[in-house]
Amino acid sequence: MKKDDLKRFTNKEVAHILRSIAAVYLLKRVNRFRIIAYEKAADSVEHLTRELKDLWQDGKLFDIPGIGSSIGSHLDEYFKTGKSIHFDSILKKVPSTLFVLMKIPTIGPKKAYKLVKELKLSDPATVVGDLKKACLEGRIAKLETFGERSQKDILEAIDLYEKKSSKTERMPLPYAFEIAKDIMDYLKKNPGIKNVDALGSLRRMVATIGDVDLAVQVKNEKLKIKSYKEIINYFIKCPKTLRVDNAGEKKASIIVNPNIRIDLRIQEDKSYGSMLQYFTGSKAHNINLREFALKKGYSLNEYGIKPIKPISNKVPNPKFKLLEFEKEEKLYNFLGLQYIPPEIREGTDEIEMAKARKIPKLVETNEIKGDLHIHSSYDLKPSHDLGKNTYKEILEKAERLDYQYVGFADHNPKIADLSKNEVMEIMRLRSDEINKVAAKSRKVKCFIGLEVDILPDGKIALPEEAINYVDYLIVSVHSVFNQDAKSMTSRVLKALSYPKVKILGHPTGRLLGKREGYELEWPKIFDYCKKKNIVLEINSWPQRLDLPDLLVREGLNYRVKFVVDTDAHANDQMDGIFYGISVARRGWCEKNDIMNTLPYIEIRKWLIE
DNA sequence: GCCGTTTTCGGCCCGACTGTTTTCAGTCG
């Protein structure tokens with residue numbers, strides 16, 4: 001019971017409920033569009049980058065595409081009371097073992113129903129094992145519409161399911177990106193390859209990635225078949241390959257260390273843009289785009305755009321020839337839309353905005369003028385990890401990145417182990433040291449920052465007098481994450497009220513794959529930040545990518561500003577700013593929304609004056 | 001059941017793959 005409680009209200013669980021209801025409706029043969037509606041809602045919830053429950057608390061439930069008055073009100077009841085009478089009554093119509101079997105790949109509602117019924121599988125706790133036993137005893141092959149082949153497939157699928165449920169799930173974007181980059185670099189060395197692109201969630205720079213999908217465009221069209229084969233062969237011989245999963249004529253998959261699947265597709269020149277568009281997704285974006293195209297009289301697929309009506313009344317074209325696109329831009333433009341960058345193709349309002357020509361010019365990595373959250377090796381007896389590089393080395397790195405400034409934001413001295421006077425002395429010496437190093441730096445200016453812990457009661461882990469030794473403070477929560485939204489909100493608001501606080505660091509505290517963020521009443525935080533000219537950090541640390549993209553976009557509605565920082569503890573990590581920028585882009589940020597695109601003179605005004 | 005610049009009614013994405021049911025249903029991305 002306890003264990004179940006812990007799993008309550010997660011997006012995964014809600015998506016599973018919605019998908020289960022779609023399955024029951026399918027079996028009960030209700031209107032198929034109602035089934036699609038539930039599946040769409042399930043997809044939508046599953047791909048949210050925030051917890052649905054938090055959105056519900058913020059009153060944003062009905063903003064989610066696919067959630068309307070009916071599903072929305074049932075979810076409202078579900079979150080309020082812990083159950084939905086309507087959902088429960090639907091789910092009761094079929095044996096619950098069915099929903100367990102549906103988790104096995106290649107088993108959908110219909111097969112699951114048949115298996116459950118014919119084999120009388122009634123215990124959800126043992127159903128997978130029972131099915132496996134039935135396979136091994138040859139009982140599946142005897143069922144109508146199943147055969148030897150299906151029996152073997154089911155056995156393999158169960159195997160996969162059992163392995164997968166105990167294996168790694170999605171990985172943080174930066175890890176996937178590094179792996180993909182290695183393989184893309186390898187592919188680019190092949191003289192037959194003109195272009196290599198990421199596809200899917202990797203191209204959209206989603207915070208977590210499952211499989212890596214790649215596309216190649218070949219150079220020599222005339223030798224098509226031969227060169228395709230050569231490229232597939234070259235791909236599967238990649239030094240990172242652990243094993244080859246499959247290799248066909250236009251597609252192949254390999255598994256690389258540590259058990260990551262890489263899919264490659266080859267497409268000819270003239271429809272490369274259509275393929276890129278199609279496999280970049282998201283699914284929700286593609287569905288919306290196809291619905292939009294349909295209204296204009298076009299059908300959209302991975303090869304191009306097909307008119308579903310004759311192009312002109314005078315000259316009817318009986319063949320309705322497929323229109324092909326080598327470039328994605330042309331495809332969007334043909335439909336009367338502005339080009340939509342992959343990062344915002346999430347099926348929200350991007351098509352509407354593209355039609356109105358209101359797609360923003362998203363911020364780019366080369367517009368960043370400095371990094372305000374960097375940890376050095378200067379030993380100030382900190383509460384958390386020291387960095388690896390000296391102030392001088394960090395400045396040299398910043399110069400190589402063509403930055404105008406950096407902000408040193410070491411962790412505060414550990415106040416539990418030190419007297420107030422000792423802390424003051426440490427802070428004074430540190431400030432002298434930074435000033436000394438700064439005086440010798442010609443190109444890159446520096447700011448004296450500090451990342452200060454927000455204590456459980458909202459006080460900051462630094463004596464107030466010591467604030468005199470810094471230019472600005474970043475305040476962050478590093479402990480006691482389990483307070484409820486109300487207490488956490490007043491805790492953070494109190495911390496933000498101290499002098500010189502300019503940045504709220506990694507605002508949700510999430511660690512991808514490890515820890516959910518804590519809950520906050522975001523409208524209050526946004527309002528306060530806007531009022532006090534405080535900005536929210538978009539932290540580029542691979543496991544953080546925090547603030548999450550959805551909250552970034554929400555913050556924009558409150559006209560809040562952001563700063564993209566690396567939180568680097570070593571110089572090579574300063575290159576990771578790129579990942580924070582990807583979060584900002586997914587949150588629809590333009591250059592002006594990001595404080596550290598400002599030149600030195602202007603950021604100084606905000607930070608110090 | 002959801003949704004809105006042809007709509008508050010009347011529409012609703014598209015194709016590949018596979019096994020088995022010889023013409024298609026089920027599943028997936």
Side-chain angles (χ1 to χ4, degrees), chain A residues 18-19 21-23 25-27 29-44 46-47 61-75 86-87 90 101-115 140-141 143-154 156-157 160 199-201 210-211 213 246 248-251 253 261 263 265 271 274-275 277-306 308 322 335-337 347-349 351-358:
Chain A
L18 295 172
R19 222 178 285 291
I21 288 173
Y25 279 155
L26 181 75
L27 295 169
R29 298 173 186 284
V30 305
N31 177 307
R32 72 186 183 98
F33 293 109
R34 196 191 297 176
I35 302 168
I36 291 169
Y38 270 90
E39 278 172 350
K40 215 170 166 179
D43 280 340
S44 194
E46 202 165 33
H47 292 112
L61 199 55
F62 296 94
D63 293 355
I64 298 165
I67 294 185
S69 58
S70 172
I71 295 180
S73 70
H74 298 312
L75 285 175
H86 178 252
F87 287 170
I90 305 286
L101 290 191
M102 277 175 54
K103 291 184 180 173
I104 299 169
T106 74
I107 296 185
K110 301 229 170 159
K111 280 187 191 168
Y113 187 64
K114 200 151 202 175
L115 291 168
I140 305 292
L143 299 176
E144 206 184 333
T145 74
F146 289 87
E148 288 290 340
R149 183 77 223 197
S150 305
Q151 179 169 278
K152 195 169 149 262
D153 286 351
I154 289 177
E156 277 170 19
L160 206 69
L199 299 170
S201 50
D211 297 337
D213 293 314
N246 62 65
E249 281 181 14
K250 294 181 73 173
K251 246 174 83 160
S253 307
R261 187 192 168 87
D263 292 329
R265 291 170 194 280
S271 54
S274 298
M275 197 244 347
Q277 194 289 316
Y278 181 88
F279 287 107
T280 295
S282 66
K283 192 177 170 185
H285 173 80
N286 282 356
I287 289 176
N288 292 349
L289 189 66
R290 273 173 240 153
E291 277 174 356
F292 178 80
L294 206 58
K295 282 177 202 149
K296 298 201 144 202
Y298 298 105
S299 171
L300 193 60
N301 67 26
E302 64 185 278
Y303 302 109
I305 296 178
K306 215 173 8 181
I308 49 181
L322 183 77
L335 292 171
L337 297 172
T348 58
D349 56 346
I351 290 176
E352 215 176 295
M353 298 296 266
K355 189 163 184 237
R357 313 207 70 76
K358 286 186 184 162

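Chain naming here is simple, since letters A, B, ... match the order of the sequence lines and numbering starts at 1 in each. As a basis for the values below, the full set of heavy atoms in this structure was taken, side chains included, without hydrogen atoms, waters or symmetry mates.
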Only counting residues at least two apart or in another chain, list the ones meeting ring-ring contact (aromatic ring centres under 6.0 Å, His included) with A:Y113.
none

Under the rule for ring-ring contact (aromatic ring centres under 6.0 Å, His included), what residues qualify as partners of A:H74, not counting sequence neighbours?
A:H86, A:F87

Distance, [atom1] atom - from [M] to [N], rounded to whole angstrom:
| N | M | atom1 | result |
| --- | --- | --- | --- |
| B:dA25 | B:dT21 | C1' | 8 Å |
| B:dG11 | B:dT6 | P | 16 Å |
| B:dC2 | B:dT7 | C1' | 13 Å |
| B:dG26 | B:dT20 | P | 14 Å |
| B:dG15 | B:dG10 | C1' | 26 Å |
| B:dT23 | B:dT18 | C1' | 14 Å |
| B:dT8 | B:dC14 | C1' | 28 Å |

Touch class at under 4.0 angstrom, heavy-atom based, for [X] against every strand present:
| X | result |
| --- | --- |
| A:L289 | nothing |
| A:I287 | base |
| A:K355 | sugar-phosphate |
| A:T145 | base |
| A:D153 | sugar-phosphate |
| A:Y278 | base |

Student check: side-chain heavy atoms of A:T280 and A:D213 closer than 4.5 Å
no

Any side-chain heavy-atom pair of A:I67 and A:L75 under 4.5 Å
yes

Within 45° cone of A:F279 ring axis and under 6.0 Å: A:R265 NZ or CZ
yes

Within the distance-only criterion (no hydrogens, no angle test), does the side chain of A:E148 pair as donor or acceptor with the backbone N or O of A:A141 below 3.5 angstrom?
no

B:dG19 pairs with, by Watson-Crick or G-U criteria that keep both distances under 3.5 Å:
B:dC24

Mind telling me whether B:dT6 is syn or anti, cutoff 90° either side of 0?
anti

Can you check whether A:F33 stacks with the B:dC2 base, using ring centres under 5.5 Å and planes within 30°?
no

What is the separation between atom [atom1] on [X] and atom [atom2] on [N], rounded to the nearest whole Å?
| X | N | atom1 | atom2 | result |
| --- | --- | --- | --- | --- |
| A:R34 | B:dG11 | CZ | P | 19 Å |
| A:E148 | B:dT21 | CD | P | 12 Å |
| A:F279 | B:dG15 | CZ | C1' | 9 Å |
| A:K296 | B:dG11 | NZ | P | 21 Å |
| A:F146 | B:dA25 | CZ | P | 16 Å |
| A:I305 | B:dC14 | CD1 | C1' | 13 Å |
| A:E291 | B:dG11 | CD | P | 14 Å |
| A:I67 | B:dC2 | CD1 | C1' | 11 Å |

Nearest heavy-atom contact between A:Y38 and A:A22 is CB-CB, 3.8 Å

Checking B:dG19, B:dC2, B:dG15 against the side chain of A:R149 (C-beta onward), the nearest is B:dG19

Out of B:dC14, B:dT6, B:dT21, minimum distance to the side chain of A:K295 belongs to B:dT6

Upstream residue (5' side of DNA chain B) when A:K111 and A:G66 are each assigned their closest nucleotide:
A:G66

DNA chain B: A:S299 or A:L143, which has the more 5' nearest nucleotide?
A:S299

Phosphate-side-chain proximity, A:K110 and B:dG19, N/O vs OP1/OP2 below 4.0 Å
no

Ignoring backbone atoms, establish whether A:Y38 has a side-chain N or O less than 4.0 Å from OP1 or OP2 of B:dC12.
no

